[in-house]
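What follows is a set of notes on a single structure, which appears directly below.
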Amino acid sequence: MKNLHLILLFLTFSSVSLLGQNWQKASVHEDYTITTEEFIPNSILEERDGAGFNQLSGFPFGGRANPNFKNFRNVTVVDLNGDQKDDILLGFDNRLRAYTDEGLLWEKTLSGFIVYPPSVADINDDGELDIVQTTGSINGTGRIYLLDKEGNTQTGWPLNFDGNWILTAAALADLNDDNQLEIIFVERRSPSGRIHAVQFDGSSFGGSWPVTLDATPAVTPSVGDVDGDNAVEVVVNSTESRYVIQANGQLEAGFPIKTHPERRYSFQSPILVDLNDDQALEIIGATHGDNMDPKPEFYVMEGDGTNYPGWPKPIAEDSWTFNTPTVLPLDGGHQIFMSRPIGDEENKDVLFGWDGGGTALPGFPIRKNGGLEGIITVADVDNDDEFELVFGSNTIDAEGNGFINAYEMDGQTEVANFPIRPKGWTFMNGANFGDVNGDGKMDLIALTYTQTFGAGVDSVFLNVYDLNVPIATEDVLWGTYKGSNTRDGRLPEMVILNSEDVGKEKLDWKVIPNPMQDIGLISAVIEQSTYSRVTLLDVNGKKIRTIFEGQLGKGAHQLPIETGALSAGIYLLSWESNEGRSVRKLVINR
């Protein structure tokens, strides 16, 4: 991110008007600059209009955007108040807003400007959600904020490190197994940067934190046990090196690993997954080139820095890529999806899919006009009991409308009524999912923006489309940036699922009462005898305890559940059996 302190996200406009005959494609560079140029789409793409979906009443909401700094990685969707309706946290320019289906819930003006979505979790284990928002700056106003669910600044915050840019989102993770989360984030500190780990009160986690990096921090950190020692490590990249840092702030042996000067990192925040069941997480990410020698690549790395078998993969046509991977626990293994941001006049390979060993999935890559730079989310958006891949584009048409695409997992079939065509760019963002108005139906949430290149006022739009299909927890497999609002890059501790079983209600069960206080029941009717395991999870999918495991015969059953030791909040109950797996939301009130 050379010259980051001088040139930051300024967009360069080609001389062609957006209202002309040709479309525009955008490219982002490692110094946060974005450039655009015209291209001519094929006729097939122009004919698709995304008909069939309406936005919820009152949407889109809009606001005045920063003219130079636009959003990366969409929004944060979370139920802030436990009313079983999803709220939306949206940051733009220097304002953080919380929206409900009825409109603006609250607004907070911050120091600095907002690029990445906030991270959200119950950080201090008090049963209430906390919000962490980072801000950027070119004039000494960068901060990191800790807010409560109502937008109030917590005591001791914001933190100010000489006004430096807090470059990406914060990762929220428990570094010392005390049931409270630490806040891990990176600071641009010319000519390099630092990574911090702090506690709820804003104090340093101690040990050797913060850690100075050899170059500009490049990614949102990830946290997990990558060396199999039953303790978590922090994974982060500078633009030039890979780091694995122990919880005490000491570097793991052999790190940092310096890459070739022409192979660099920017925005490709790693995902941590145990691909081979050895109790150590592999590190999945991407690099981009500089002068294109050596070639940019998609990589999977072991915790000791060596390449995982079957990896890395060269990126087609030496394209740069800044995308964060999406990794799914499906079909007896894992499926890895990454992309590249192109936008040529002819269809090109855009979205790639592999199994854990690096073998291309059948039907992949997806070929499209327009490249992909933003989050790749996964949900059953058409109620066919199968998942679909949903993603944005780096193009807008001559009328200034962007694209939200959806493809079946075969990599070949576009979902009916897609792409959706919101006003403005979906570039660098994508789509999240939730139930914003509490009607039990899936809503697609997408941030878009306009860019007038100085000819007018730029706007940010919050779009919420009613997909008119049911929604349950199991219908959304990967719903946000890095897969979780904690942004820790670690897959939830769940079993690997079979895609044909997920989302199908083969078990008739419910939680009584829901919400509950201390004691309740799981009521189930089973059509045939089956082995079952019922697990209580936190809202991020982490296992709390097993409620029941054993054989259940045909007929009605009631399984007791005690929640007296748990804090108030939202939890999940997962039922796995020979018939598949389904998940219910559990709300605990005090």
Side-chain angles (χ1 to χ4, degrees), residues 8-11 18 26 32 34 55-78 80 86-120 131-139 141-143 145 147 149-153 158 166 169 374-375 392 396 399-402 404 420-432 434 436-437 443-465 480-481:
L8 296 163
L9 206 63
F10 287 96
L11 288 88
L18 292 180
Y32 277 79
I34 293 177
Q55 297 212 41
L56 297 189
S57 177
F59 288 91
F61 285 114
R64 183 167 181 162
N66 187 294
N68 302 316
F69 302 95
K70 296 303 188 285
N71 293 79
F72 285 19
R73 311 321 190 205
N74 213 39
V75 301
T76 301
V77 179
V78 63
L80 289 173
D86 286 313
D87 307 304
I88 304 167
L89 292 170
L90 168 65
F92 55 93
D93 198 9
N94 65 340
R95 298 180 297 280
L96 180 64
R97 289 181 175 179
Y99 284 97
T100 72
D101 62 317
E102 298 179 353
L104 182 66
L105 181 63
W106 52 259
E107 178 178 278
K108 183 78 171 182
T109 299
L110 308 181
S111 175
F113 50 82
I114 298 169
V115 175
Y116 277 79
S119 307
V120 178
I131 302 165
V132 179
Q133 180 66 67
T134 61
T135 68
S137 169
I138 56 174
N139 58 5
T141 57
R143 304 286 191 273
Y145 285 81
L147 310 173
K149 66 182 183 181
E150 297 174 347
N152 301 306
T153 304
I166 310 301
I375 59 174
I396 58 172
E399 284 72 45
N401 297 319
I404 297 291
I420 294 175
R421 305 298 313 285
K423 176 70 175 178
W425 294 88
T426 64
F427 181 54
M428 303 300 300
N429 293 287
N432 296 49
V436 176
N437 60 358
D443 302 318
L444 183 151
I445 302 109
L447 178 154
T448 60
Y449 58 87
T450 60
Q451 178 61 54
T452 63
F453 306 97
V457 176
D458 293 336
S459 298
V460 170
F461 301 109
L462 176 59
N463 305 276
V464 181
Y465 291 91
T480 188
Y481 170 51

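The first residue in the sequence is number 1, and the count goes up from there.
Here the CG-CG distance, from Leu444 to Leu56, works out to 10.5 Å after rounding to the nearest 0.5 Å. Within the model, atoms CD1 of Ile404 and CD1 of Ile445 stand 11.0 Å from one another, a figure rounded to the nearest 0.5 Å. Here the CD-NZ distance, from Glu399 to Lys423, works out to 8.5 Å after rounding to the nearest 0.5 Å. Atoms OH and CD1, on Tyr465 and Ile420 in that order, are 6.0 Å from each other to the nearest 0.5 Å. In this structure, CZ in Phe113 is found 8.0 Å from CG in Asn139, a value given to the nearest 0.5 Å. With rounding to the nearest 0.5 Å, the separation of CZ in Arg73 from CE in Met428 is 4.5 Å.
Nearest heavy atoms, Ala98 versus Leu80: CB-CD1, 4.1 Å. Taking each heavy atom of Arg143 and Pro158 in turn, the nearest pair found is CB-CB, 4.0 Å. Nearest approach of Ile114 to Arg95, heavy atoms of both residues: CD1-O, 3.3 Å. When all heavy atoms of Phe92 and Asn71 are compared, the closest pair comes out as CB-OD1, 4.0 Å. Phe461 and Pro60 make their closest contact through CB-CB, 4.4 Å (heavy atoms, listed as atom of the first residue, atom of the second, distance). Across Ser111 and Thr135, no two heavy atoms sit closer than the pair O-OG1, 2.8 Å.
With sequence neighbours excluded, the residues that form a side chain to side chain contact (heavy atoms under 4.5 Å, CB included) with Asp458 are Ala65, Pro67, Lys70, Thr450, Gln451, Thr452. Partners of Glu102 according to the side chain to side chain contact (heavy atoms under 4.5 Å, CB included) rule, which considers only residues two or more places apart in sequence or in another chain, are Thr100. With sequence neighbours excluded, the residues forming a side chain to side chain contact (heavy atoms under 4.5 Å, CB included) with Asn74 are Ile375, Asn429, Asn432, Leu447, listed by chain and number. With sequence neighbours left out, the side-chain hydrogen bond (donor to acceptor under 3.5 Å, both in side chains) criterion links Asp93 to Asn66. Shown here are the ring-ring contact (aromatic ring centres under 6.0 Å, His included) partners of Tyr481, two or more places apart in sequence or in another chain: Tyr116. Residues meeting the ring-ring contact (aromatic ring centres under 6.0 Å, His included) test with Phe59, sequence neighbours left out: Phe61.
Counting only distance, with no hydrogens or angles, the side chain of Thr76 and the backbone of Leu89 share no donor-acceptor pair below 3.5 Å. With hydrogens and angles disregarded, a donor-acceptor distance shorter than 3.5 Å links the side chain of Asp443 to the backbone of Val436. Remark: side-chain polar atoms of Asn463 are paired, donor with acceptor, to backbone N or O of Ala446 under 3.5 angstrom.
Side-chain contact between Val78 and Ile131 is absent, with no heavy-atom pair separated by less than 4.5 Å.
Results of the side chain to side chain contact (heavy atoms under 4.5 Å, CB included) test with Thr448 over Thr426, Ile396, Val460 single out Thr426 as the only residue that passes.
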Going through the distances and angles, do Tyr99 and Arg97 end up as a side-chain hydrogen bond (donor to acceptor under 3.5 Å, both in side chains)? CA-CA 6 Å; Tyr99 284 97; Arg97 289 181 175 179; 2.8 Å; yes
